[in-house]
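Here the structure is laid out as C-alpha cells; the discussion comes afterwards.
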Amino acid sequence: MCVILLVHIQSNGPVPHTFSGARPHPAELAQPVWNVVGVGQDLYTKCSFISDTLYEKTHRVIHLLGFTVQSKQQLQMAHARAAGPPRAATRRRWWRLRQQWRMVGVFEVNQEHEFYHLTCMIKEGMHAAIQTTMETSGQDTPAGGQFRLRQTHEGFEMQTFAASVFAKLRRSLDIPSDEYMNSFCSEDCYLQFVSNSKSKADFFITNDKRFFLKTQSKREVKFLLSNLQAYMDHLEKYPHSLLVRFLGVHRIVIPNQMKKYFIVMQSVFYPDDRIDVRYDIKGCEVGRWTDPDKGGKQILKVLKDNNFKGQSIALGQEASWFANQVKVDAAFLQGISVLDYSLLLAHQPLHRDELEGKYSFANLVIRTTTSVDCGGSPTGSDPSITPLVAETMAEGASDPTEEPQAAAQETNGTSTETRRDSELQEFLEHHRRLLPNCRNAIHVVDGPEHRYFVGIIDIFTVYGWKKRLENAWKCVRYPGRVFSTVRPSKYSHRFCQWIQDHSQ
C-alpha cells in the first residue's frame, strides 16, 4: 500500500491554484507549486474510504517524503469542499448560469470577470503593436504587409498581421494612432458584448464603444488575409462602401493555455447614445425572428428580418444611393464566394437642430470636405469642393430667394459649367455621397426624420462543400421557404432585393 501511495505522490503534478481560491496570472501556472492541503485533499479524494489505520500509514509515508499533512478532520473538510455543494445547490447554480447567458447585453470586464486577465494582456499587446506601427514605416500594400510581427511579453506573445496595411486604412478613416491607442489601452475596462447570435465567438468593445474585438477561427483569419488585396482595392474604388472596416488582425499566445486570433473592427453602432432599436438583416425568413426583450437597461437584443415586417428604411433622396451601394458591395462578396453576410441596421430620431442645420452653408462645406477626403482619393487628385457645395445647395434649397443666386451662377460661362460637371462626375464615379457631419460618418445615412446606422458584417462564410450539404438538407427540411444557405449569386440577388423593397 505504501508503494502505491508513493507512486501516486511522485506522479502528482503542480497543484492547481483553484484550491486557494485565487485566480493567478497565466505565467504562474507554469511554475511548480506544492500545496500541502492540496496533496492531502488529493489523497483523501482518491481514498475516500480511508480508515484510522490507513490514515496513520499514509501520514507516515508523506512525512518521510518531507510533506506535512493536516489533521484528519481538516482532510475531511477539504474532501467535502472538493466534493462540491449538494445536488440541489448545483442545479440552482446551473440555472443561474443559464439565466445569465440568456441575458443579451454589455457587461464590464472587471477584475472579477473570467476574461479580465485576457483583456489586460490584449491591452499590453495592442499598446506595443500600435507603438511599433507608429515608429516604423513599411510598405502599404497587402503583398508587402502580410508579415507577422511577433512581440514577446511576460507570460504571453502577441502577433500582429499586415500592420502597415491596416494602419493605412485607419489613416484613410481619419483615425489618428494616438486616438486608436487611447481607445484600446486606457485604464478603463473593456466591455463584453453578449448577443443572441449563433456565433461562438467572443465579442469585446473598447470602453468608449468605438471599436470591436472579435475572436475568429484560424480559417477565417486566413480567408481575410488571402483576400486583403481585393478588400483594399474595393474600399479604394468605393470609399463610402458599407462593408465593415477591419482595422487589425492579431493573435495572442499564452503558453500551454490559449491561442486565439482576434480582429479589430470599427463599430457600426457608434455613437449609440440615442439608438433605440437594432436589426440584423439577411433577407430571408427561416430562423429570422427574435423575441423582443423589455428587460433592464443592460439587456440588448438584436432583432431580425421577421421583426422588421411592416417597416421601411426611410432615407428620402439617399435611398437610391443606398440601394445601389448595397448592390456594389454584394457583387464584391459574390465575387469571392461569400454568403450569409448581414446588414446591421439601427436608427434614431434626428433632433431639430440637426434637421435645421443639415443644409446650412457652413455645414455643407464641412460635409463636402469630409466626403472628398474620407477614404483617400483613388485617382490621386481631389476635386474642388466648391462646385460640390454649389450643387448640394441647389438640391437642398427650398427658399425662393435663393433662385436668383442660382440663376446668376448659370451666367458664369460654359467653361465653369463644364469644369463643375467634370468634377462631379469624378466624385460620383466612385459612388461617393455627401457624408453627414458626425462621427463614424461612413456608417451613417440621414433620412428626412431619422439617422440610420448601416454596415455589412460577417463576410467570412464561403460556399464550400459543407454549405452545399447544408443547402441540400434545408431544401428538404424547409421546402418552399427562404433560408440563408444558398449559392452566393442567389444570396446576393435576394439580399439586394430585400434592401430595394424596404427602402424609400
Side-chain angles (χ1 to χ4, degrees), residues 25-27 109 115-193 201-229 231-232 235 244-255 257-267 270 460:
H25 190 279
V109 185
F115 290 126
Y116 177 73
H117 292 286
L118 174 62
T119 57
C120 288
M121 294 180 192
I122 291 176
K123 284 185 179 182
E124 182 180 344
M126 289 291 290
H127 185 278
I130 298 170
Q131 187 67 39
T132 301
T133 304
M134 293 169 62
E135 294 174 352
T136 59
S137 58
Q139 297 183 28
D140 284 339
T141 61
Q146 283 190 11
F147 65 94
R148 182 185 304 188
L149 173 65
R150 298 175 182 266
Q151 294 175 306
T152 303
H153 304 265
E154 184 178 355
F156 71 98
E157 179 184 84
M158 176 72 89
Q159 301 172 5
T160 304
F161 299 86
S164 60
V165 179
F166 292 112
K168 177 187 177 183
L169 181 55
R170 294 196 297 269
R171 288 194 300 269
S172 72
L173 296 171
D174 195 24
I175 302 176
S177 295
D178 55 346
E179 288 185 12
Y180 189 66
M181 181 180 291
N182 289 338
S183 290
F184 280 101
C185 309
S186 69
E187 296 181 356
D188 297 322
C189 295
Y190 286 173
L191 306 174
Q192 184 185 18
F193 176 70
D202 296 315
F203 295 85
F204 301 102
I205 319 173
T206 56
N207 198 269
D208 57 8
K209 298 183 180 180
R210 190 174 181 182
F211 305 107
F212 255 91
L213 296 94
K214 180 184 178 183
T215 59
Q216 301 282 170
S217 67
K218 182 178 181 180
R219 181 200 65 79
E220 292 169 332
V221 168
K222 185 177 180 180
F223 175 78
L224 174 60
L225 294 178
S226 64
N227 289 281
L228 188 55
Q229 179 69 65
Y231 173 77
M232 294 295 292
L235 295 185
V244 66
R245 298 310 196 262
F246 298 110
L247 306 178
V249 177
H250 305 270
R251 186 190 190 206
I252 188 167
V253 179
I254 305 175
Q257 280 195 67
M258 178 190 302
K259 296 178 181 179
K260 277 188 179 292
Y261 289 92
F262 65 92
I263 60 174
V264 178
M265 299 177 289
Q266 187 174 16
S267 176
Y270 173 80
F460 298 105

Any idea which heavy atoms bring [X] and [Y] closest together, and the distance?
{"X": "V109", "Y": "L191", "result": "CG2-C, 4.0 Å"}
{"X": "T160", "Y": "A163", "result": "CG2-CB, 4.0 Å"}
{"X": "S172", "Y": "L169", "result": "OG-O, 2.6 Å"}
{"X": "T215", "Y": "K260", "result": "CG2-CD, 4.2 Å"}
{"X": "I254", "Y": "G155", "result": "CG2-O, 3.8 Å"}

Steps toward side chain to side chain contact (heavy atoms under 4.5 Å, CB included) verdict (M126, M181): CA-CA 8 Å; M126 289 291 290; M181 181 180 291; over 6 Å; no
Parallel, tilted or perpendicular: ring planes of H153 versus F156, cut at 30 and 60 degrees: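 Aromatic pair H153/F156 classed parallel.
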Ring geometry between F246 and Y231 (parallel below 30°, tilted from 30 to 60°, perpendicular above 60°):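 Geometry flag for F246 against Y231: tilted rings.
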Full working for side chain to side chain contact (heavy atoms under 4.5 Å, CB included) between Q159 and H250: CA-CA 5 Å; Q159 301 172 5; H250 305 270; over 6 Å; no
Residue pair R251, F262: steps toward the side chain to side chain contact (heavy atoms under 4.5 Å, CB included) verdict: CA-CA 6 Å; R251 186 190 190 206; F262 65 92; over 6 Å; no
Side-chain heavy atoms of E157 within contact of I252, under 4.5 Å: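 The answer is no; the side chains never approach within 4.5 Å.
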Side-chain heavy-atom pair F166, F161 within 4.5 angstrom cut-off: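 SC-SC contact between F166 and F161 ruled out.
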Salt bridge (charged side-chain N to carboxylate O under 4.0 Å, His left out) partners of residues 203-218, not counting sequence neighbours, each pair once: E179-R210, K209-D272, K214-D458
Just by distance, do the side chain of [X] and the backbone of [Y] share a donor-acceptor pair under 3.5 Å?
{"X": "T119", "Y": "Y190", "answer": "no"}
{"X": "K123", "Y": "S186", "answer": "yes"}
{"X": "Y116", "Y": "C189", "answer": "no"}
{"X": "R170", "Y": "L247", "answer": "yes"}

As an exercise, state the distance from [atom1] of [X] to [atom2] of [Y], rounded to the nearest 0.5 Å.
{"X": "S164", "Y": "K168", "atom1": "OG", "atom2": "NZ", "value": "9.5 Å"}
{"X": "F223", "Y": "S217", "atom1": "CZ", "atom2": "OG", "value": "11.0 Å"}
{"X": "S183", "Y": "I175", "atom1": "OG", "atom2": "CD1", "value": "8.5 Å"}
{"X": "M158", "Y": "I122", "atom1": "CE", "atom2": "CD1", "value": "6.0 Å"}
{"X": "K222", "Y": "Q216", "atom1": "NZ", "atom2": "CD", "value": "15.5 Å"}
{"X": "T206", "Y": "L213", "atom1": "OG1", "atom2": "CG", "value": "7.5 Å"}

Pair Q151, T132: side-chain N/O donor-acceptor within cut-off below 3.5 Å: yes
Ring center gap for F115 and F204 short of 6.0 angstrom: yes
Between F211 and Y270, ring centroids under 6.0 Å: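 That pair fails the under 6.0 Å test.
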